[in-house]
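One structure is given below, encoded as structure tokens.
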Amino acid sequence: MRSTVAVRDLVAEVSVAPAELILPLFVREGIDKPIPLSTLPGIFQYDLESAVKEARRVFSTGVKSFMIFGVPAEKDSRGSRGYSDDNITSRSIAAFKDEFGENALVMADLCLDEFTDHGHCGVLDDRGCVDNDATLELYGRMALSQARAGVDFVGPSGMMDGQVGYIRGALDSAGFTNVGILAYSIKYASGLYGPFREAVNVSIANGGDRKGYQQDFRNVSEAITEVELDIAEGADMVMVKPAGMYLDIIRSVRNLVSVPVAAYQVSGEYSMIKAAGVAGYIDEAAIAYESLVAIKRAGASSILTYFAHRIDEILA
Ligand code: PBG
């Protein structure tokens, strides 16, 4: 049963197809050519035009879904460039929809950390703590701005309580019933987001962290509670993040729910494989493939991964 490629391919239980992947793309306002990211080798911040060009190239390899992360030219305490009329995320969504129409899915991160000068995922109260409900109101504005630009799925990633229900309500009451929600339901307070913070120019004020609103990685049951709440609030897909060190969580969620389960192979997961590959310790493409298969085997239907930009070489 293992002697030839043909028989191994015949009986393989899990495969990875480009159409199951979502490519994250950083689109930065105020630049005119791509800027390489030192902590995410091979990944860039793009200006609008080069982002579309890169998406076109990756689309030609079979990847059909994109997750846009807008990076503003200026930040303020309320993250207002995240929901102002001409915000970079919505402009990017419109440009992608112009380019691809219905042939690709355009998703967008819906969070304030890329836009706030203190780097938190929401606005702060007088004591410097994230104000959950005031933040929801701004998430509602972001959702409507992204919906008007033509987004297919919004991806709320800020871990505010009630965010999925609030955003669903805002979208529905403005007539955007067809805009889906890919909920970052399970998001652990992980050290693996380190390289991402360079990608969106975020540093959290006063050496702070997100442990007050992201999940403790020692816990399993609260992950299940989060998923159940998000589905009840209207999530169309739920996501587990990070992926590779949380395969048990992906499996538990898969067994529990009937909506599609996505997993986010985050920046640190990419960078570790990349760095070991560059150092010659491992074969980058082989380990990238193995990591994606593992995430699929655990039960994910789709994977958000930086490796999507070179999936043709990885699957070759
Ligand atoms: C929040 C957000 C983060 C990531 C995706 N959305 C950062 C965080 O929560 O600290 C991390 C993704 C990655 O590491 O690749 N907007």
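Counting from 1, the numbers follow the sequence of the chain as shown. Counting starts at 1 for both ligands and their atoms, following the listed order.
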Review point. Can you check whether V123's main-chain N or O pairs, donor with acceptor, with T135's side chain at less than 3.5 Å?
Key: yes

**Study point:** From the candidates E114, Q214, K187, R197, the one that places a heavy atom nearest atom 1 (C) of ligand 1
**Key:** K187

Practice item. Ignoring hydrogens, just give me the one of Y270, Y184, F196, F69 whose non-hydrogen atom is nearest atom 7 (C) of ligand 1. Key: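 Going through Y270, Y184, F196, F69 one by one, F196 has the nearest heavy atom to atom 7 (C) of ligand 1.
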
Is any side-chain N of the basic residue among [X] and [Y] closer than 4.0 Å to the acidic one's carboxylate O?
X    : Y    : answer
D76  : R78  : no
E20  : K296 : yes
R141 : E137 : yes

Check your understanding: Taking a hydrophobic cluster as the set of Ile, Leu, Val, Met, Phe, Trp and Tyr residues connected by side-chain heavy atoms closer than 4.5 Å, whether directly or through intermediates, do I224 and M239 fall within one such cluster?
Key -> yes

Review point. Do any nitrogen or oxygen atoms of S267 lie less than 3.5 angstrom from nitrogen or oxygen atoms of ligand 1?
Key: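 Between S267 and ligand 1 (N or O atoms, distance only) the closest approach is under 3.5 Å.
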
Check your understanding: By salt bridge (Lys or Arg N to Asp or Glu O under 4.0 Å), which residues pair with D131, not counting sequence neighbours?
Key -> none

Shortest protein heavy-atom distance from [atom], along with the residue and atom involved:
atom                    : answer
atom 16 (N) of ligand 1 : D113 OD1, 2.7 Å
atom 15 (O) of ligand 1 : Y306 OH, 2.6 Å
atom 8 (C) of ligand 1  : R210 NE, 3.3 Å

Practice item. Tell me which part of V200 gets within contact of ligand 1: side chain, backbone, both or neither, using heavy atoms under 4.0 Å. Key: neither

Exercise for review: Using a 4.0 Å heavy-atom cut-off, say whether V266 meets ligand 1 through its side chain, its backbone, both or neither.
Suggested key: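 Both parts.
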
**Study point:** Atoms in ligand 1 flagged as close to C111, the criterion being non-hydrogen separation under 4.0 Å
**Key:** 1 (C), 16 (N)

Review point. So with a 6.0 Å cut-off around CD of E49, is the heavy-atom count from everything else above 12?
Key: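 Atom CD in E49 is not crowded, with 12 or fewer foreign heavy atoms closer than 6.0 Å.
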
Check your understanding: So is K241 in contact with ligand 1, going by heavy-atom distances below 4.0 Å?
Key -> yes

